[in-house]
Amino acid sequence: MKYNRCGKSGLLLPEISLGLWHNFGSVDNFENAESIAVEAFDKGITHFDLANNYGPVPGSAETNFGKILWHNFQGNLRDEIIISTKAGYTMWDGPYGDWGSRKYLLSSLDQSLKRMKVDYVDIFYSHRPDPETPIEETMMALDYAVRSGKALYVGISNYSAEQTRVAVDVLKQLGTPCLIHQAKYSMLERWVENGLLDVLEEKGVGCIAFSPLAQGLLTDKYLNGIPENSRAHNPNGHLKEDEVTNERIQKLVQLNEIAQNRNQSLAQMALAWLQKDKRITSVLIGASSVRQLNNNIECLQNLAFSSDELNVIEKILA
């Protein structure tokens with residue numbers, strides 16, 4: 001595992017990080033979740049990414065991760081891992097359990113620390129910008145999280161390029177630099193290339209890509225349509241059936257041919273493709289099993305792309 005410097009900070013993050021958005025909630029098998037986390041650490045993945053609302057039920061991923069910590073990462077091992085969490089989406093009823101107010105963010109952080117039974121998190125994020133709360137208030141809450149010792153670094157997620165520029169400047173004025181931006185980025189979701197990555201490079205902020213496989217679409221699962229056991233077939237899933245169009249399936253088939261010529265799966269190639277841009281600090285993967293985790297980690301065995309491969313990929317994605 002290679003570790004990349006996060007922006008202009010002193011912090012190194014692994015090329016691949018583990019996200020606990022799915023498969024770590026109260027409805028999931030705890031022993032399986034624990035096995036995935038332990039295997040990830042053994043393979044060099046030191047960064048575990050959560051949010052207050054991850055589950056289901058909301059909060060249960062943090063609770064389960066706290067149990068995993070106490071079972072497997074006692075003593076100095078806490079100093080060998082990076083834990084991040086976020087607040088910004090709906091977490092509890094009433095006017096103070098959502099968005100970006102100081103009240104919500106700091107209350108949520110306290111709750112997250114209690115669920116995980118830790119004294120601090122390494123990175124605390126504003127999970128999304130709040131159209132009704134001044135960015136200055138949200139950033140002041142992040143600044144306080146660091147000054148109070150409850151977080152070592154802060155980041156933002158799902159902010160536009162212009163919102164990012166403002167947020168980073170406010171944090172700099174407050175004396176707490178913005179460490180990282182967590183952005184949705186994949187072969188099929190490329191909005192970050194239209195300004196955001198340039199802002200992050202200019203400001204010395206790292207970037208970690210989430211949903212790098214487009215909720216499973218960039219795998220061999222959909223090459224022949226929508227299988228019954230897939231996320232797209234699940235009405236409660238984040239990948240909708242209408243996103244799996246015939247046009248997209250044809251693109252996936254063509255991309256898969258390139259991957260096979262590279263001796264990679266489509267998923268492995270999609271993960272490697274993101275890492276060609278040196279502004280990407282880490283790629284955040286999920287896993288439903290140890291086997292899937294290891295298959296994804298194998299993308300690191302072939303990160304190089306020829307100019308011909310990149311040109312063909314661009315034509316397919318156009």
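Worth knowing before you read on, the calculation uses all heavy atoms, side chains too, and leaves out hydrogens, waters and symmetry mates.
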Quick check for you: to the nearest 0.5 Å, what is the distance between Arg147 atom CZ and Leu142 atom CG?
12.0 Å
Among Leu213, Leu252, Leu217, Ile258, find the one that has a side chain to side chain contact (heavy atoms under 4.5 Å, CB included) with Leu266.
Leu252
Taking CG in Asp42 as the centre, count heavy atoms belonging to other residues, nucleotides or ligands within less than 6.0 Å. Is the count above 12?
yes
Report the C-alpha distance between Asp98 and Arg128 in whole Å, list the side-chain angles of each, state the deciding distance to 0.1 Å, and finish with yes or no for salt bridge (Lys or Arg N to Asp or Glu O under 4.0 Å).
CA-CA 10 Å; Asp98 202 349; Arg128 62 172 171 172; 2.9 Å; yes
Do we see a donor-acceptor contact under 3.5 Å between the side chains of Ser101 and Glu137?
no
Shortest non-hydrogen contact from Ser282 to Leu13?
CB-CB, 4.5 Å
Val205 and Phe210: same hydrophobic cluster, using ILVMFWY side-chain contacts below 4.5 Å?
no
Can you list the residues that meet the side chain to side chain donor-acceptor pair (under 3.5 Å) rule with Asn294, with sequence neighbours excluded?
Glu39, Lys43
Would the distance check show the side chain of Ser265 and the main-chain N or O of Gln268 forming a donor-acceptor pair, the cut-off being under 3.5 Å?
yes
Spatial distance of atom NE2 (His181) from atom SG (Cys6) [nearest 0.5 Å]:
12.0 Å
Please check: side-chain N/O of Asn158 versus main-chain N/O of His127, any donor-acceptor pairing under 3.5 Å?
yes
Looking at every heavy atom in both Gly25 and Asn64, which two are closest together, and how far apart are they?
O-ND2, 3.2 Å
Could you state the interatomic distance from CH2 (Trp273) to CD1 (Ile280), rounded to the nearest 0.5 Å?
9.0 Å
Taking Asp28 for its side chain and Phe24 for its backbone only, find out whether a donor-acceptor pair lies under 3.5 Å.
yes
After noting the C-alpha distance and the side-chain angles of Ile45 and Ile297, does the key distance pass the side chain to side chain contact (heavy atoms under 4.5 Å, CB included) rule?
CA-CA 9 Å; Ile45 293 178; Ile297 292 174; 3.9 Å; yes
Could you tell me whether the side chain of Thr63 and the main chain of Gly59 form a donor-acceptor pair under 3.5 Å?
yes
Looking only at the side chains, is there a donor atom on one of Glu15 and Asn4 sitting less than 3.5 Å from an acceptor on the other?
no
Measure from NZ or CZ of Arg190 to the centre of the six-membered ring of Tyr185 and say whether it is under 6.0 Å with the direction within 45° of the ring axis.
no
Minimal heavy-atom distance between Gly155 and Cys178, with the atoms involved, is CA-SG, 4.2 Å
Begin with the C-alpha distance, continue with both residues' side-chain angles, and end with the deciding distance and a verdict on side chain to side chain contact (heavy atoms under 4.5 Å, CB included) for Leu77 and Leu69.
CA-CA 9 Å; Leu77 283 179; Leu69 282 177; over 6 Å; no
Quick one about Asn23 and Ser288 (side-chain donor to acceptor, distance below 3.5 Å, no hydrogens or angles considered), yes or no?
no
For atom CG of Asp93, decide whether the heavy atoms of other residues, nucleotides or ligands shown that lie under 6.0 angstrom number more than 12.
no
With a sphere of 6.0 Å drawn around CD of Glu247, does it hold more than 12 non-hydrogen atoms of other residues, nucleotides or ligands?
no
By side chain to side chain donor-acceptor pair (under 3.5 Å), Thr138 pairs with (sequence neighbours left out) none
For Trp191 against Lys184, the heavy-atom pair lying closest together
NE1-O, 3.0 Å
For Ile135, run the side chain to side chain contact (heavy atoms under 4.5 Å, CB included) check against Val166, Leu171, Thr164 and tell me which one passes.
Val166
Enclosure of Lys276 NZ (heavy-atom neighbours >12, cutoff 6.0 Å)
yes
For Ser84 and His47, which I'm curious about, is there any donor-acceptor pair between the side chains at under 3.5 Å?
yes
Does the side chain to side chain contact (heavy atoms under 4.5 Å, CB included) test come out yes or no for Arg5 and Leu11, once each step is laid out?
CA-CA 6 Å; Arg5 188 163 303 281; Leu11 188 68; over 6 Å; no
Hey, does the side chain of Gln163 reach the backbone of Ser160 with a donor-acceptor pair shorter than 3.5 angstrom?
yes
Check whether Thr133 reaches the backbone of Asp130 with its side chain - one donor and one acceptor, N or O, closer than 3.5 Å.
no
Counting heavy atoms not belonging to Tyr120, are there more than 12 under 6.0 Å from its OH?
yes
Same cluster for Tyr125 and Val154 if Ile/Leu/Val/Met/Phe/Trp/Tyr side chains link at under 4.5 Å?
no
Which atoms form the tightest heavy-atom contact between Ser107 and Trp92, and what is the distance?
CB-CH2, 4.0 Å
Taking Asp49 first and then Lys86, would you say they form a salt bridge - that is, a charged N and a carboxylate O separated by under 4.0 Å?
yes
Check whether Ile208 and Leu196 end up in the same hydrophobic cluster, where Ile, Leu, Val, Met, Phe, Trp and Tyr are linked by side-chain heavy atoms less than 4.5 Å apart.
no
Do Ser126 and Tyr159 get their side chains close enough for a donor-acceptor pair, meaning under 3.5 Å?
yes
Any chance you could lay out the side chain to side chain contact (heavy atoms under 4.5 Å, CB included) test for Leu300 and Ile16, step after step, and finish with the verdict?
CA-CA 9 Å; Leu300 300 177; Ile16 298 289; 4.0 Å; yes
Aromatic ring centroids of Phe124 and Tyr153 under 6.0 Å?
no
For residues Ser60 and Val57, determine if any side-chain heavy atom of one lies less than 4.5 Å from a side-chain heavy atom of the other.
yes
For side chain to side chain donor-acceptor pair (under 3.5 Å), just list the numbers for Thr46 and Glu80, CA-CA rounded to whole Å, side-chain angles, deciding distance to a tenth of an Å, and then say yes or no.
CA-CA 7 Å; Thr46 53; Glu80 296 186 27; over 6 Å; no
Say whether Gln111 and Ser108, considering side chains only, have a donor N or O and an acceptor N or O under 3.5 Å apart.
no
Taking atom OG of Ser17 and atom CD of Gln182, what is their separation to the nearest 0.5 Å?
9.0 Å
Spacing of Ser112 atom OG and Leu105 atom CG [to the nearest 0.5 Å]
10.5 Å
Got a second to check how far Leu271's CG is from Asn295's CG, nearest 0.5 Å?
11.0 Å
Is it the case that atom OH in Tyr96 sees more than 12 heavy atoms from other parts of the structure closer than 6.0 Å?
no
Please answer whether the main-chain N or O of Ala304 pairs with a side-chain N or O of Arg262 as donor and acceptor at a distance below 3.5 Å.
yes
May I ask you to say whether Arg78 pairs ionically with Asp119, meaning some side-chain N is under 4.0 Å from a carboxylate O?
no
Backbone N or O of Glu257 within a donor-acceptor pair of the Gln260 side chain at under 3.5 Å?
no
Quick check against the 3.5 Å criterion: does Gln173 have a side-chain atom that pairs as donor or acceptor with the backbone of Val170?
no
Tell me the closest heavy-atom pair linking Gly44 and Tyr3, and the distance in Å.
O-OH, 2.7 Å
Tell me if the aromatic rings of Trp70 and Phe65 count as close, with their centers under 6.0 Å from one another.
no
Please collect all salt bridge (charged side-chain N to carboxylate O under 4.0 Å, His left out) contacts where either partner lies in residues 196-207, sequence neighbours excluded, each pair once.
Arg165-Glu202, Asp169-Lys203, Asp198-Arg279, Glu201-Arg279
For atom CG of Asn76, decide whether the heavy atoms of other residues, nucleotides or ligands shown that lie under 6.0 angstrom number more than 12.
no
